[in-house]
Amino acid sequence: MNQSLMFQEAQEAPQAIAHQLATEPDAYRQFGELLRANAPSSILTVARGSSDHAAHFMAYLIMARLGRLVTSLPMSLITLYQSKIHTNGLLATAFSQSGQSPDLVAPMSFFKTGGAATAAFVNDPNSPLARAAEWVFPLHAGEEKSVAATKSFIAQLVAGARVVASWQGDALLEAAIQNLPNVLARAAKLDWSAGVEMLRDAERMYVIGRGTGYAVALEAALKFKEICIIQAEAFSGAEVKHGPMALIDRGYPLLVFAPRGPAQAGLVAFADEMRQRGARVLLAAPETVPGAQLPIADTGTEDLDPISVIQSFYPMVEALARARGFDPDRPKFLAKVTKTR
């Protein structure tokens, strides 16, 4: 069988990241210097879909490492309600593969005109979104034809991590980022076939993550929905106990992402608890963790491990879509570029 575009593009991610890391080093350094010299009083992310999940990853790193709160902007505040948001001291960051959607462009134009610092992380540096921002950081993912984002999502995760490393001036994080192409090449080849076997007949499921890993849980749930037609919902390992856990009974499928870090112990314990309840649990964790079925490649720093997790996930979910009789390159009712207002 011919390989899908989604599979091919997911496999191209390590090369895309190597290309991104070889470009714009001065721009990231200068942006980090700007943020250190003029620390923003408020920070917004502007994104939808997979890009919003990537923005969530950067936001969590900023809050955890730099202690500054980050908010995801409801775009309708600008596009529908014409809210006059105060822009003094604001940093607005937008994430997009295409940079075409009007409800991303309009807020960034508003913030830039109002004097906020604005930055766009976009695959098309000539897009309307790029023109609407003061700082533009091309993703360098190359052309992405598959409707389901893969390499562009990973490129957004890396770009967000680069901002944090530059802002914090963290040489160790920067070194780990520079080694990501090698790690991702290994991660793409890890055996996650257990996921295909367990989820082949699933109709609904939960994807569980926490901390830095929650962003990739959100992304995984989206991919299960759009290419596998599984009603998948992502929850924090803590939040799932506030009601959603009532749905988990015998045979209910769960994918638990438990990379290294402060959240890992609780996630592994949750996986064990759900197994005892009779749920079908897939645990993605380092091979040293008892009960792990889906191995995770070590990135050299726990904050980056979610990036290797999603690199390993993409080939698995693509294979699952085909096993369920779906074409991963032609998800129902979806197009590559979504323009919302």
Beyond-backbone contact of [X] with [Y], side-chain heavy atoms, under 4.5 angstrom:
X: Q264; Y: V268; answer: yes
X: S42; Y: H86; answer: no
X: L254; Y: I248; answer: yes
X: F95; Y: R48; answer: no
X: F137; Y: F31; answer: yes
X: V46; Y: M75; answer: yes
X: Y28; Y: E33; answer: no
X: W167; Y: L61; answer: no

* Asked: Is the ring centre of F224 less than 6.0 Å from the ring centre of Y206?
  -> no

Give the intermediate values and the outcome of side chain to side chain contact (heavy atoms under 4.5 Å, CB included) for residues I62 and Y60. CA-CA 5 Å; I62 290 173; Y60 200 95; over 6 Å; no

Mark yes when over 12 heavy atoms from residues, nucleotides or ligands other than Q231 sit less than 6.0 Å from its CD; otherwise mark no.
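Open.
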
With a sphere of 6.0 Å drawn around CG of N88, does it hold more than 12 non-hydrogen atoms of other residues, nucleotides or ligands?
no

Assess, by modelled atom type and distance only, whether the side chains of [X] and [Y] contain a donor and an acceptor separated by less than 3.5 Å.
X: D303; Y: T301; result: no
X: S127; Y: Q100; result: no
X: S312; Y: K189; result: no
X: S4; Y: E318; result: yes
X: H53; Y: E219; result: yes
X: Q8; Y: E12; result: no

Looking at [atom1] of [X] and [atom2] of [Y], how far apart are the two atoms once the value is rounded to the nearest 0.5 Å?
X: F270; Y: F235; atom1: CZ; atom2: CZ; result: 10.0 Å
X: L80; Y: Q82; atom1: CG; atom2: CD; result: 7.0 Å
X: R275; Y: R277; atom1: CZ; atom2: CZ; result: 14.5 Å
X: L90; Y: F111; atom1: CG; atom2: CZ; result: 5.5 Å
X: L91; Y: L44; atom1: CG; atom2: CG; result: 8.5 Å
X: L69; Y: L66; atom1: CG; atom2: CG; result: 11.5 Å

request  = Determine whether V122 and L139 fall in the same hydrophobic cluster, where Ile, Leu, Val, Met, Phe, Trp and Tyr are linked whenever their side-chain heavy atoms lie under 4.5 Å apart.
outcome  =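 No: no chain of side-chain contacts under 4.5 Å links V122 to L139.
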
*Can you check side-chain hydrogen bond (donor to acceptor under 3.5 Å, both in side chains) on D305 and T299, steps first, answer last?*
CA-CA 5 Å; D305 284 359; T299 61; 2.6 Å; yes

Please check if the side chain of [X] supplies one atom and the backbone of [Y] the other of a donor-acceptor pair under 3.5 Å.
X: S166; Y: G32; value: no
X: K151; Y: A141; value: yes
X: R131; Y: V105; value: no
X: T71; Y: L73; value: no
X: R210; Y: L267; value: no
X: R324; Y: C228; value: yes
X: S308; Y: L184; value: no
X: R280; Y: M198; value: yes
X: R162; Y: Q20; value: yes
X: E9; Y: T150; value: no

The side chain to side chain contact (heavy atoms under 4.5 Å, CB included) partner of V256 among L294, D272, V281 is V281

Consider side chain to side chain contact (heavy atoms under 4.5 Å, CB included). Of L157, I154, I307, which one does L180 pass it with?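 Of the listed residues L157, I154, I307, the side chain to side chain contact (heavy atoms under 4.5 Å, CB included) partner of L180 is I307.
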
Could you go through the side-chain hydrogen bond (donor to acceptor under 3.5 Å, both in side chains) check for Q97 and S51 one step at a time?
CA-CA 7 Å; Q97 193 284 133; S51 296; over 6 Å; no

Salt bridge or not between D298 and R260? Use side-chain N to carboxylate O under 4.0 Å. yes

Carboxylate-amine/guanidinium contact K145 D329, below 4.0 Å: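 Judged by the 4.0 Å cut-off on N to carboxylate O distance, K145 and D329 do not form a salt bridge.
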
Once you measure the plane-to-plane angle for Y214 and H56, does it fall in the parallel (<30°), tilted (30-60°) or perpendicular (>60°) bin? perpendicular

* To do: Could you please spell out the steps behind the side chain to side chain contact (heavy atoms under 4.5 Å, CB included) verdict for V207 and F257?
  => CA-CA 8 Å; V207 185; F257 289 144; 3.8 Å; yes

